[in-house]
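Heads up: the structure comes next, in structure tokens.
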Amino acid sequence: MDKAGLLELYRQMQLIRVFEDKSAEMYGKAKIGGFLHLDSGQEAVCVGAVSALNADDDLVTNYRDHGYALARGLSSRAVMAELFGRKDGTTGGRGGSMHIADVSKRFWGGYAIVGAHLPLAAGLAYAAQYQKTGRITLCMMGDGSTNIGTFHATLNWAQLWKLPIIFLVVNNMYSMGTPLSVHSSLTDIYKKAAGYGMEAMQVDGNDVMAMREAVCDIAGRVRTGSGPFLLEAITYRYSGHSAVDKNTPRPASEVAEWRTRDPIVRFTETVLFKHNHATPEDLIKIDKSVEAEVEDSVQFSDASPLPDRSTLYDYIYRTPVANMHIDGSLIKPPTLRK
Ligand SMILES: Cc1ncc(C[n+]2csc(CCOP(=O)(O)OP(=O)(O)O)c2C)c(N)n1
Ligand SMILES: [Mg+2]
């Protein structure tokens with residue numbers, strides 16, 4: 001990559017870090033309600049993986065989705081406004097943190113039910129294969145998701161039909177507060193793929209260059225019909241599972257140890273500075289622009305209106321209240337014959 005490309009990787013990781021810190025702050029101020037799952041510590045996975053995709057590939061994630069949305073180029077204004085539940089949010093303020101999506105970027109979100117998005121991602125990959133579009137699907141999930149039924153059913157089907165899909169397992173060592181060794185029979189998660197004859201490997205998820213290289217390589221193979229691939233990225237989330245359980249019980253020494261492998265610091269020191277791709281001044285300039293962008297996203301979201309009350313029942317498939325039409329008028333009960 002040239003200097004501009006490397007600085008862009010840095011900018012995106014820094015944007016995610018600052019955005020996540022700010023959204024935690026806004027949650028504390030009750031500007032954001034519901035759930036909020038942060039990507040802090042996992043920035044290299046989001047940026048490395050997404051930067052290796054083509055613009056028209058399909059991207060599907062679980063609820064820990066802000067980092068992927070920002071890396072995919074969704075605007076920080078629209079993402080923050082979605083967290084605020086406002087009209088200018090990516091899904092009109094209806095989904096919130098767990099349901100960021102933008103069809104124009106083929107970013108399909110943002111799923112709250114663990115494992116539920118895997119069959120949908122396989123469906124997107126099947127559509128690409130059937131229609132010969134040359135697209136691939138990247139389906140991200142957490143380590144905990146690899147214990148759930150849909151994981152096994154989807155891997156089986158994807159391998160059987162040689163679907164053009166990459167299963168990206170973000171192994172951050174915990175499923176909510178439960179450590180990997182307590183929730184999974186195999187702690188080398190990539191080995192689960194062997195049960196389906198699927199190719200797989202592990203990568204250092206705190207190394208953005210390694211992440212990017214792995215996904216570039218795998219994407220090239222998957223695109224030419226080699227079948228699905230499971231990539232396990234080893235990383236760590238600094239925050240608890242979500243904003244309501246900020247403090248996942250774990251040894252302080254463990255968090256400190258992972259902080260020494262911080263993906264942004266590591267990229268800065270071992271790539272940008274070491275090989276003279278950037279000066280401290282270059283990075284200060286980027287940091288300032290990122291901070292201004294995130295601050296602007298908050299101002300924008302605060303000014304954005306709430307979704308109109310009259311649209312409350314839009315996009316809902318069932319009449320929400322017995323005997324009531326969508327517009328609120330009462331359904332006349334049938335006249336009974338005597
Ligand atoms: C089917 C289902 N079961 C349980 C939950 C509650 N739940 C939400 S996230 C989560 C843990 C998932 O952990 P992991 O896949 O490792 O992802 P991480 O949050 O660490 O990124 C659980 C059990 C859920 N949302 N859906
Ligand atoms: Mg996890």
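Positions are given from 1, in the same order as the sequence printed here. Counting starts at 1 for both ligands and their atoms, in listed order.
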Give the numbers and elements of all ligand 1 atoms closer than 4.0 Å to a heavy atom of [X].
{"X": "Gly142", "value": "14 (P), 15 (O), 16 (O), 17 (O)"}
{"X": "Asn172", "value": "18 (P), 20 (O), 21 (O)"}
{"X": "Ile113", "value": "1 (C), 26 (N)"}

Face-on cation placement of Arg259 at Tyr238 ring, 6.0 Å and 45° thresholds | yes
Lys/Arg cation over aromatic Tyr236: Arg261, 6.0 Å, 45° cone | no
Residue and atom name of the nearest protein heavy atom (relative to [atom]), distance in Å to one decimal:
{"atom": "atom 12 (C) of ligand 1", "value": "Tyr63 OH, 3.1 Å"}
{"atom": "atom 25 (N) of ligand 1", "value": "Ala112 O, 3.0 Å"}
{"atom": "atom 14 (P) of ligand 1", "value": "Gly144 N, 3.4 Å"}
{"atom": "atom 21 (O) of ligand 1", "value": "Arg64 NE, 2.8 Å"}
{"atom": "atom 15 (O) of ligand 1", "value": "Ser145 OG, 2.8 Å"}
{"atom": "atom 26 (N) of ligand 1", "value": "Val114 N, 3.1 Å"}

Closest by any non-hydrogen atom to atom 6 (C) of ligand 1: pick that one out of Met98, Gln42, Met176.
-> Met176
Atom 11 (C) of ligand 1: of Ser175, Ser242, Gly240, Ser184, the nearest heavy atom sits on Ser175
Are more than 12 heavy atoms from other residues, nucleotides or ligands located less than 6.0 Å from atom CD of Glu25?
->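 Count over threshold, so yes.
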Side chains of Lys192 and Thr146: do they bring a donor and an acceptor to under 3.5 Å?
->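 Looking only at side-chain atoms, Thr146 and Lys192 do form a donor-acceptor pair, the distance falling under 3.5 Å.
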Any side-chain donor near an acceptor of the partner, His277 and Asp2, under 3.5 Å |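 Not at all, the side chains of His277 and Asp2 share no donor-acceptor pair under 3.5 Å.
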Would you call Met141 a ligand 1 contact, heavy-atom distance under 4.0 Å?
-> no
Tell me, please: is Asp143 in heavy-atom contact with ligand 1, that is, under 4.0 Å?
->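 Asp143: in contact with ligand 1 (<4.0 Å).
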[X] and [Y] ion-paired at < 4.0 Å:
{"X": "Asp56", "Y": "Lys105", "answer": "no"}
{"X": "Glu8", "Y": "Arg11", "answer": "yes"}
{"X": "Asp21", "Y": "Arg17", "answer": "no"}

Pick one of side chain, backbone, both or neither for how His241 approaches ligand 1, counting any non-hydrogen atom pair under 4.0 Å.
->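 Contact part for His241 vs ligand 1: side chain (C-beta onward).
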Asp282 vs Lys285, salt bridge (charged side-chain N to carboxylate O under 4.0 Å, His left out): CA-CA, chis, key distance, verdict | CA-CA 5 Å; Asp282 291 331; Lys285 214 168 123 189; over 6 Å; no
Closest non-hydrogen atom pair, Asn171 against Glu232 | ND2-OE2, 2.9 Å
Angle, OD1 of Asp143 through the Mg ion (ligand 2) to OD1 of Asn172 - 10° precision | 90°
Would Tyr174 count as a contact for the Mg ion (ligand 2), in the sense that one of its N, O or S atoms lies under 2.8 Å from it?
-> yes
